[in-house]
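Structure first, then comments.
In this chain, numbering begins with 1 at the start of the sequence shown. Just so you know, these numbers come straight off a predicted model, no measurement behind them.
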Amino acid sequence: MEKNFPPYQKLDMDRWPRREHYYYYRQKLQCGYTVTVRLDVTETLAFSRREGLRFYGCFLYAAAKTVNETEEMRLMVGPDGVPGLWETVHVNFTVFHQEDKTFSNLWTEYHPDFREFYQDFETVVTTYGDCRGVEGRPGKPANFFCISAVPWLDYTGYSADVPGEHALFPVIAYGKYREEAGRYTLPLSMTISHAAADGYHTAMFFRSLQENLDAFGRGIQKPD
């Protein structure tokens, strides 16, 4: 393993059920896909309002927890060219600069404990939130996924390309939430390489994400 390369588990290509699919979509038909769904964020929004926390930070935690619980969302290519699974995937997220209408990428470490995650998220935003340029926080690790918010738009569809042959990580975006009959929902889109995940895995990801969003209604403890 290269020096300072993040920990990962190399896949046994003789036993991996998706090896043929992986090679097919890496070598013969390089493609990705985007799926947009509506998610219920009623419990997450209520929790954030009740505890005086940012909805964004709460949503990032639910997304990061789901990514880290889903093997297909942690797929990577090792230095030797053999695919593996990151042990942990961190969060690359965007912040908007109201003054000049630009955005910057920040990143924060993933912690399974919500309190630790949210505290780190707040520290990162406070420290780097006013930095300009695409990469607002330096030192982003190789094991990351991308998520951004488009809070001005309640959309029904979204499309994006998966850039480069090594872009196996999920790219997630969500839009403006709306209220209907006392429930709040928002559109969420995920773009991913077909080499990493098929439709089944994407459907299971969305199901797990909804469960993790609903978990805020069961009393996730707020940061100290």
Return the OH to CG distance between Y110 and N68, rounded to the nearest 0.5 Å.
5.0 Å
is_close_aromatic(F117, H111), centroid dist under 6.0 Å
no
When you look at CZ of R183, are more than 12 heavy atoms from neighbouring residues, nucleotides or ligands closer to it than 6.0 Å?
yes
Counting only heavy atoms not in D130, do more than 12 fall under 6.0 Å of its CG?
no
For residues F55 and V41, determine if any side-chain heavy atom of one lies less than 4.5 Å from a side-chain heavy atom of the other.
yes
Would the F93 and F121 ring centres measure less than 6.0 Å apart?
yes
Let me see the working for M76 and N143 under side-chain contact (heavy atoms from CB on, under 4.5 Å), right down to the final yes or no.
CA-CA 8 Å; M76 50 78 73; N143 50 331; over 6 Å; no
Report yes or no: do Y118 and E122 form a side-chain donor-acceptor pair below 3.5 Å?
yes
As a quick check of understanding, evaluate side chain to side chain donor-acceptor pair (under 3.5 Å) for Y33 and T202, giving each step before the final call.
CA-CA 10 Å; Y33 59 89; T202 301; 2.6 Å; yes
Is the shortest distance from a Lys or Arg side-chain nitrogen in E69 or K65 to a carboxylate oxygen in the other one below 4.0 Å?
yes
As an exercise, state the distance from CD of E72 to CZ of R74, rounded to the nearest 0.5 Å.
9.0 Å
Taking every non-hydrogen atom, the tightest pair across I147 and A63:
CD1-CB, 3.8 Å
Apply side-chain contact (heavy atoms from CB on, under 4.5 Å) to Q9 and L11, showing your working.
CA-CA 6 Å; Q9 173 190 352; L11 288 170; 5.6 Å; no
Should R132 and D100 count as an ion pair when the cut-off is N to O under 4.0 Å?
yes
Distance in Å, T70 OG1 paired with L75 CG, rounded so as to fall on 0.5 Å steps:
12.5 Å
Taking L168 as the starting point, is it possible to reach V82 by hopping between hydrophobic residues whose side chains are less than 4.5 Å apart?
yes
F59 and L213: side-chain contact (heavy atoms from CB on, under 4.5 Å), yes or no, with the steps?
CA-CA 7 Å; F59 194 95; L213 290 168; 3.8 Å; yes
Using every non-hydrogen atom in the two residues, find where R19 and D14 come nearest and quote the distance to one decimal.
NH1-O, 3.6 Å
Would a single hydrophobic cluster contain both V37 and V150, if residues Ile, Leu, Val, Met, Phe, Trp and Tyr are joined by side-chain heavy-atom contacts under 4.5 Å?
no
Taking the side chain from S208 and the backbone from F205, do they hold a donor-acceptor pair closer than 3.5 Å?
no
Just wondering, more than 12 heavy atoms not from H201 lying within 6.0 Å of its NE2?
yes
List the steps, then state whether ring-ring contact (aromatic ring centres under 6.0 Å, His included) holds for F216 with F114.
CA-CA 10 Å; F216 281 98; F114 172 72; 5.5 Å; yes
Quick one, D40 with T185, criterion side chain to side chain donor-acceptor pair (under 3.5 Å). Give me CA distance, side-chain angles, the key distance, then yes/no.
CA-CA 4 Å; D40 189 317; T185 64; over 6 Å; no
Are the side chains of M190 and T34 in contact, using a 4.5 Å heavy-atom criterion?
no
About how many Å separate CG of L60 and CD1 of I172, when rounded to the nearest 0.5 Å?
9.5 Å
Could you report the tightest heavy-atom contact between Y128 and P138, atom names first, then the distance?
CE2-CD, 4.0 Å
Trace of the side-chain contact (heavy atoms from CB on, under 4.5 Å) decision for F145 with V171
CA-CA 6 Å; F145 77 98; V171 179; over 6 Å; no
Determine the minimum heavy-atom distance between T36 and S189, stating which atoms define it.
OG1-OG, 2.7 Å
Would you find more than 12 non-hydrogen atoms of other residues, nucleotides or ligands less than 6.0 Å from E179 atom CD?
yes
To the closest 0.5 Å, what do you measure between NZ (K140) and CH2 (W107)?
10.0 Å
Taking everything shown except K101 itself, do over 12 heavy atoms lie less than 6.0 Å from its NZ?
yes
Less than 6.0 angstrom separating the ring centers of Y174 and Y177, yes or no?
no
Does the ring of Y184 carry R49 above it, NZ/CZ under 6.0 angstrom from centre and within 45° of its axis?
yes
Please report the shortest heavy-atom distance between P112 and Y61, naming the atom on each side.
O-OH, 2.6 Å
Around atom CZ of R15, are there more than 12 heavy atoms of other residues, nucleotides or ligands at under 6.0 Å?
no
In terms of hydrophobic clustering (I, L, V, M, F, W, Y; side-chain heavy atoms under 4.5 Å; direct or indirect links), are W16 and Y24 co-clustered?
no
Co-membership, hydrophobic cluster, residues Y158 and F103, 4.5 Å side-chain:
no
Starting at CE of M73, measure out to CE of M204 and round the result to the nearest 0.5 Å.
11.0 Å
Closest non-hydrogen atom pair between S148 and T94, with its separation
CB-OG1, 3.1 Å
When hydrophobic residues are tied together by side-chain contacts of less than 4.5 Å, even through go-betweens, does L85 share a cluster with Y25?
no
In the structure I gave you, are the side-chain heavy atoms of P79 and Y8 within less than 4.5 Å of one another anywhere?
yes
Compute the ring centroids of W86 and F144, then answer whether they are less than 6.0 Å apart.
no
Any side-chain heavy-atom pair from R207 and L209 closer than 4.5 angstrom?
no
Looking only at side chains, do H97 and S104 share a donor and an acceptor under 3.5 Å apart?
yes
Is the shortest side-chain N to carboxylate O distance from R38 to D154 below 4.0 Å?
yes
